[in-house]
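Step one of this worksheet: look at the structure below.
These numbers come from a predicted model, not from an experiment. Just the heavy atoms: all of them, side chains too, but no hydrogens, waters or symmetry mates, feed the values below. Chain A is the first sequence line, chain B the second, and so forth, proteins listed ahead of strands; every chain is numbered from 1.
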Amino acid sequence: MSSTPARYNFRETEARWQKVWDDRQTFRARMDRTRPKYYVLEMFPYPSGRIHMGHVRNYTQGDVVARYKRARGFNVLHPMGWDAFGLPAENAAMEKKVHPRKWTYENIATMKAQLKSMGLSLDWSRELATCDPTYYRHQQKMFLDFWKAGLAYRREAWVNWDPVDNTVLANEQVIEGRGWRTGAPVERRKLTQWNLKITTFADELLERLNTLDRWPEKVRLMQANWIGRSRGARVFWQLTDAAGADRGRLEIFTTRPDTLYGASFMALSAEHPLVAELAERDPALQHFVAECRKTGTAAAELETAEKMGFRLPLLARHPLMPGKTVPVYAANFVLMEYGTGAIFGCPGHDERDHEFATKYGLPIIPVVMPRDGDPGSFSVAKAAFVEDGVIINSDFLDGLPVDEAKAAVIARLEEMGVGRGTIQYRLRDWLVSRQRYWGCPIPAIHCDCCGVVPVPENDLPVELPEDVTFDRPGNPLDHHPTWKHVACPSCGKPGRRETDTFDTFIDSSWYFDRFTSPALTSAPFDREENHYWMPVDQYIGGVEHAILHLLYSRFWTRAMREVQMTSRDEPFDGLFTQGMVCHETYRAADGSWLTPEEVERTAGGAVVRLSDKAPVAVGRSEKMSKSRKNVVDPDQIIRDYGADTARWFMLSDSPPERDLEWTEAGVTGAWRFQQRLFRIASTAIAALPAVGAPKPARLADAATDLRRAAHKAIAGVSADIEAFHFNKAVARLYELANTIDGFEAADDGGRWALREALEIFVRLAGPMTPHLAEELWQALGHTSLLADAPWPSAEDALLVDDTVTIALQVNGKLRGTIQMPKDSPKEASTSAALAHADVQKAMAGKPEKRVIVVPNRLVNVVV
RNA sequence: GCCCCCGUGGCGGAAUUGGUAGACGCGCCUGACUCAAAAUCAGGUUUCCUCACGGAAGUGUUGGUUCGAGUCCGACCGGGGGCACCA
């Protein structure tokens with residue numbers, strides 16, 4: 001007989017178990033009030049065509065949690081769907097002449113098959129696609145409710161226009177002055193657009209971050225910075241013209257009211273209404289405003305852009321200094337979108353104001369001085385002093401520290417009726433109009449008589465027309481011959497449909513709620529089911545959504561609360577952001593990128609092109625991307641090595657939150673372990689006692705040691721999974737496998753302990769390599785599914801050792817170790833340490849000054 | 001510029017939160033099996049000195065706190081991320 005057991009046939013095995021789980025509807029979630037629920041969700045994918053390694057990592061992590069929680073007795077909801085609206089579908093329509101719907105659904109079919117081959121414990125019965133009218137009709141209804149509640153409004157404003165995608169973008173979608181998808185510098189355009197009032201919740205969104213203790217600190221910090229709360233004051237300045245005639249009052253915002261006495265000019269945004277008014281009769285000012293607009297918002301331009309001002313024919317009266325006036329400018333560095341679009345300039349204590357004042361020869365008056373500064377020599381002529389200090393040259397504020405001065409001056413301003421303390425947020429309302437076809441239609445109708453009218457609820461959903469063309473730039477909905485023509489629901493006269501569609505981030509702002517009752521037609525979700533399943537207990541996805549998707553979802557949940565759809569505040573109880581999947585990059589001599597399949601490593605370690613053996617430059621490991629061609633196709637890995645190998649590799653070595661380096665060696669290592677495991681188990685199984693055989697009365701020491709290792713693994717792996725330390729859980733499984741492999745079952749007790757250890761191993765490995773584990777579970781003689789088996793529980797008595805190793809130190813340096821019974825008295829370990837030869841040698845005859853004993857850990861002798 | 005995170009063997013990374021640094025894996029070295037290779041198995045693998053026993057140094061650099069520091073504190077160097085004319 002051959003001593004080599006059959007090789008593990010992962011292809012046949014993985015397909016077989018996937019079918020069993022499918023047929024038995026093992027992962028179908030049903031509401032069950034008798035059990036605690038657990039909602040595991042990974043960020044749903046955009047159906048771009050094929051899944052990539054980032055998906056594999058994300059969904060593997062989620063699946064470990066889902067399968068683990070399931071084994072621990074939770075009623076787990078683990079659904080999957082498709083973020084199916086978006087521009088790539090329209091680009092495909094233009095390039096490949098295929099309808100966005102067809103392209104999208106074909107991609108969904110491909111990617112679904114790929115996900116299924118991973119063996120994920122998903123409830124596919126809840127699958128949804130956001131481009132389905134049965135999904136977006138509820139979104140339109142919610143929008144109408146928000147509109148009614150004053151949370152949605154139209155406003156004309158300067159917006160970010162992406163010239164490549166031909167659409168406006170939200171503030172959050174502009175990164176360093178460029179469109180988040182296209183990378184094209186955004187342009188400024190004045191348009192009337194739909195907005196959602198996220199600013200209503202600015203304070204709550206900020207405050208409640210503190211309660212999200214299962215969110216990464218980093219994400220909370222990013223959101224807090226994005227919301228950007230500043231305390232300050234609004235201050236009113238009376239304006240006069242050169243002749244002294246009253247020209248109304250100017251309101252400015254400042255975070256430094258304590259420096260009011262250092263004011264030397266006022267600056268208004270070029271987009272400020274007052275500037276526009278003055279420009280009507282001033283061609284030079286018109287020219288200046290046009291120049292400012294041209295500078296754009298691109299970060300690179302802003303950095304180099306010089307401060308520019310235009311002296312307006314106005315003077316501003318200082319609210320606290322009778323008789324004092326300062327000149328008023330229009331300036332290119334003042335943002336209309338923040339505060340009131342106007343500031344007072346205090347060059348002594350603001351770097352920008354300093355630069356401006358220096359350029360235009362305005363006075364620079366110091367009003368804050370370092371605590372230990374010398375009033376005689378302190379100067380801000382060269383640079384603004386922006387740190388904390390004491391107030392000078394400021395009347396009643398003199399001598400006060402900055403903090404107290406702020407409070408004092410605000411109190412005075414309020415008393416005089418010329419200002420008030422306020423809180424200002426950086427957060428802007430969410431601009432949701434997009435001039436695109438492949439998105440959810442905004443359910444509104446424009447009427448010349450009635451203005452903008454909501455689509456009646458009975459007429460929902462407003463569906464996208466199928467017959468559209470993509471042969472010219474702009475919005476296909478706008479070009480459609482008939483779609484937009486519709487009677488005004490209010491007066492019956494001819495009206496026009498809104499042809500803008502929603503930002504697709506709306507689609508993803510509530511899909512997790514929809515998963516709780518995906519088939520319901522009368523409402524977005526059933527209250528009871530939603531209340532049972534929500535919030536998401538564990539959400540997993542990329543950190544790139546730290547602000548966008550996660551902030552919008554937090555807003556949407558609050559908006560739903562405002563219209564009494566839910567009483568919840570937060571959608572995601574726990575959040576985990578996984579790292580990216582990276583790979584080395586390869587470049588040929590001509591600079592072109594090569595895929596990992598196009599290169600090979602020679603025996604000497606050099607990397608050459610496969611086709612012609614030409615040398616290849618190996619670049620640093622970067623996120624897998626099509627543009628650098630450093631991608632590895634998950635399908636191919638699953639075909640060559642199996643889903644379990646791909647999953648195991650994704651979980652080993654790299655901490656889940658950090659970037660993972662995909663290497664061929666790592667994959668083959670993971671694959672070898674699958675084979676080894678199969679061999680270890682298959683070899684042992686024949687000699688094992690039957691399933692459920694009683695524990696023999698006596699066990700040899702070796703058997704007890706094996707049991708200890710197995711039960712410690714239970715405790716360790718459980719804790720590791722709970723803490724998202726999958727790499728450590730994998731390491732513990734390796735250790736247990738090594739222990740099991742080295743164990744010789746000498747008697748019945750040994751064979752019993754070996755069965756126990758193998759069963760524990762298989763159950764612990766189940767969430768990570770579910771197919772192999774299921775196969776071995778069956779091979780061990782079980783007739784029910786491992787997927788339905790409970791998590792093993794550790795016997796406490798086996799988690800502690802009878803003897804412990806104690807480190808012996810002399811003056812903090814390790815000189816030896818001894819074995820002691822656990823919990824030995826201090827005196828015993830002290831005398832054992834002092835008697836130790838190496839300790840005595842290191843003490844060199846000197847008497848001990850002090851002995852520090854850490855029970856069960858170490859003894860440190862100080863001489 | 002401001003804010004945040006991270007620097008541990010050849011590599012990915014462990015280290016019960018102040019108590020034996022380098023678990024586990026990859027790679028490499030030696031040996032077994034083989035005509036040979038692959039696969040597999042056994043052993044070794046931080047560096048330096050030593051035939052060995054053993055010793056010394058060692059967690060980016062540097063200073064400090066402590067009986068004891070990868071872990072805490074200060075300064076610096078390097079890498080990554082977020083925000084950026086937000087008054």
*So which nucleotide from B/A87, B/C24, B/A84 ends up closest to the side chain of A/I343?*
B/A87
_Would A/K307 and A/F356 count as a cation-pi pair here, with the cationic atom under 6.0 angstrom from the ring centre and within 45° of the axis?_
no
*asked:* Both A/R256 and A/H725 contact RNA chain B. Taking the nearest nucleotide for each, which residue is further toward the 5' end?
replied: A/H725
_Check this one for me: any side-chain N or O of A/K813 less than 4.0 Å away from OP1 or OP2 of B/A57?_
yes
_Using Watson-Crick or G-U wobble geometry with both distances under 3.5 Å, which nucleotide pairs with B/C2?_
B/G82
*When you compare B/C33 with B/A39, how far apart are their C1' atoms, in angstrom units rounded to a whole number?*
11 Å
*Look through every strand shown and name the nucleotide pairing with B/A21 as Watson-Crick or G-U wobble, where both distances are under 3.5 Å.*
none
*With sequence neighbours left out, what residues match A/R628 under salt bridge (Lys or Arg N to Asp or Glu O under 4.0 Å)?*
A/E622
*Under the 3.5 angstrom rule, does the side chain of A/N860 hit a backbone N or O of A/I852 as a donor-acceptor pair?*
no
*Just name whichever nucleotide pairs with B/A15, Watson-Crick or G-U, keeping both distances under 3.5 Å, else none.*
none
*B/A21 and B/U71: how far apart are their C1' atoms, nearest whole angstrom?*
11 Å
*Nearest listed nucleotide, side chain of A/A665, among B/A23, B/C4, B/C26*: B/C26
*For A/Q809, which contact category applies under a 4.0 Å heavy-atom criterion: base, sugar-phosphate, or nothing?*
base
Show me the donor-acceptor pairs, under 3.5 Å and distance only, between side chains in residues 803-812 of chain A and residues at least two apart or in other chains.
unit_1, atom_1, unit_2, atom_2, d
A/T805, OG1, A/Q819, OE1, 2.8
A/N811, OD1, A/V863, N, 3.0

*asked:* Under 4.0 Å, counting only non-hydrogen atoms across every strand here, what does A/V334 touch: a base, just sugar-phosphate, or nothing?
replied: base
*asked:* From CG of A/L808 over to C1' of B/G19, roughly how many Å is that when rounded to an integer?
replied: 13 Å
*How many Å lie between CZ on A/R672 and P on B/A38, as a whole number?*
12 Å
*To the nearest angstrom, how far is A/L209 atom CG from B/C3 atom P?*
20 Å
*Which whole number of Å gives the distance between the P atom of B/C4 and that of B/G12?*
27 Å
*So, A/E251 versus A/T340: side-chain donor-acceptor pair below 3.5 Å or not?*
no
_It should be established whether A/R426 places a side-chain nitrogen or oxygen under 4.0 Å from OP1 or OP2 of nucleotide B/A84._
yes
*Are any side-chain N or O atoms of A/D429 and backbone N or O atoms of A/I198, one a donor and one an acceptor, separated by less than 3.5 Å?*
yes
_Heavy atoms only, 4.0 Å cut-off, all strands: where does A/L335 land among base, sugar-phosphate and nothing?_
base
*Can you check whether A/L764 reaches A/R732 side chain to side chain, under 4.5 Å on heavy atoms?*
no
*Between A/T663 and B/C11, does any side-chain N or O lie under 4.0 Å from OP1 or OP2?*
no
*Has the side chain of A/Y360 got a donor or acceptor atom that lies under 3.5 Å from a matching backbone atom of A/G309?*
yes
*asked:* Under 3.5 Å, is there any donor-acceptor pair linking the side chain of A/K728 to the base of B/C24?
replied: no
*Would you say B/A87 has OP1 or OP2 under 4.0 Å from some side-chain N or O of A/Y338?*
yes
_For A/E337, is the CD atom crowded, meaning more than 12 foreign heavy atoms sit under 6.0 Å from it?_
yes
*Between B/A14 and B/C76 - P atom distance, rounded Å*: 29 Å
*Syn or anti conformation of B/G55, syn meaning chi within 90° of 0*: anti
*Using the P atoms only, state how far B/C29 lies from B/C35, rounded to an integer number of Å.*
23 Å
*Mind checking A/N860 for me? I need base, sugar-phosphate or nothing, with any heavy atom below 4.0 Å counting as a touch.*
base
*In whole angstrom, what separates A/K218's NZ from B/G80's P?*
14 Å
*Could you tell me which nucleotide pairs with B/A56 by Watson-Crick or G-U wobble geometry, both distances under 3.5 Å, or answer none if nothing does?*
B/U47
*asked:* Mind checking if A/S230 touches a base, just sugar-phosphate, or nothing, with heavy atoms under 4.0 Å?
replied: sugar-phosphate
*Protein-nucleotide distance (A/I227, atom CD1; B/G82, atom P), rounded to Å*: 18 Å
*Which nucleotide in the list B/G12, B/A84, B/G55 gets nearest to the side chain of A/K841?*
B/G55
_Pair partner, B/C26 [Watson-Crick or wobble, under 3.5 Å]_ = B/G10
*Give A/T817 one of three labels, base, sugar-phosphate or nothing, depending on what nucleic acid heavy atoms sit under 4.0 Å from its own.*
base
*For A/R732 and B/C24, is the shortest distance between a side-chain N/O and OP1 or OP2 below 4.0 Å?*
no
*Quick one: look up who B/A32 pairs with, Watson-Crick or G-U, both distances under 3.5 Å, and put none if it's unpaired.*
B/U40
_Can you see if the side chain of A/R850 gets near the phosphate of B/C67 - specifically, an N or O under 4.0 Å from OP1 or OP2?_
yes
_Can you tell me which nucleotide in B/C24, B/C67, B/G13 comes closest to the side chain of A/I852?_
B/C67
_What's A/N738 touching, base or sugar-phosphate or nothing? Going by heavy atoms closer than 4.0 Å._
sugar-phosphate
_I'd like the P distance from B/G1 over to B/U65, given in whole Å._
33 Å
*Select from A/T254 and A/R676 the residue whose nearest nucleotide in RNA chain B is closer to the 5' end of that strand.*
A/R676
_Whole angstrom value for the distance that separates C1' of B/C41 from CZ of A/R679_ = 9 Å
*Select one nucleotide: of B/C85, B/G13, B/C83, the one nearest the side-chain heavy atoms of A/N727.*
B/G13
_Identity of whatever pairs with B/U61 - Watson-Crick or G-U, under 3.5 angstrom_ = B/A75
_Does the structure show a Watson-Crick or G-U wobble partner for B/G68, both distances under 3.5 Å? Name it, or say none._
none
*Residue-phosphate contact under 4.0 Å: A/R658 side-chain N/O, B/C5 OP1/OP2*: no
*How is A/E735 classified with respect to the nucleic acid when contacts are heavy atoms under 4.0 Å: base, sugar-phosphate, or nothing?*
sugar-phosphate
*Taking atom P of B/G80 as reference, at what distance in whole Å does atom CE of A/M580 sit?*
12 Å
*How far does the P atom of B/C11 sit from the matching atom of B/G64, given to the nearest Å?*
30 Å
*Charged N to carboxylate O under 4.0 angstrom, A/R256 versus A/D350?*
no
*Which one, B/G82, B/C85, B/G12, comes nearest to the side chain of A/M222?*
B/G82
*Separation of A/R647 atom CZ from B/G25 atom P, in whole Å?*
22 Å
*A/D653 side chain, from C-beta outward: closest of B/C4, B/C85, B/G25*: B/G25
*asked:* Using a 4.0 Å heavy-atom cut-off, does A/R815 contact any base of the nucleic acid, only the sugar-phosphate backbone, or nothing at all?
replied: sugar-phosphate
*asked:* In whole Å, measure the gap between the C1' atoms of B/G19 and B/G70 for me.
replied: 13 Å
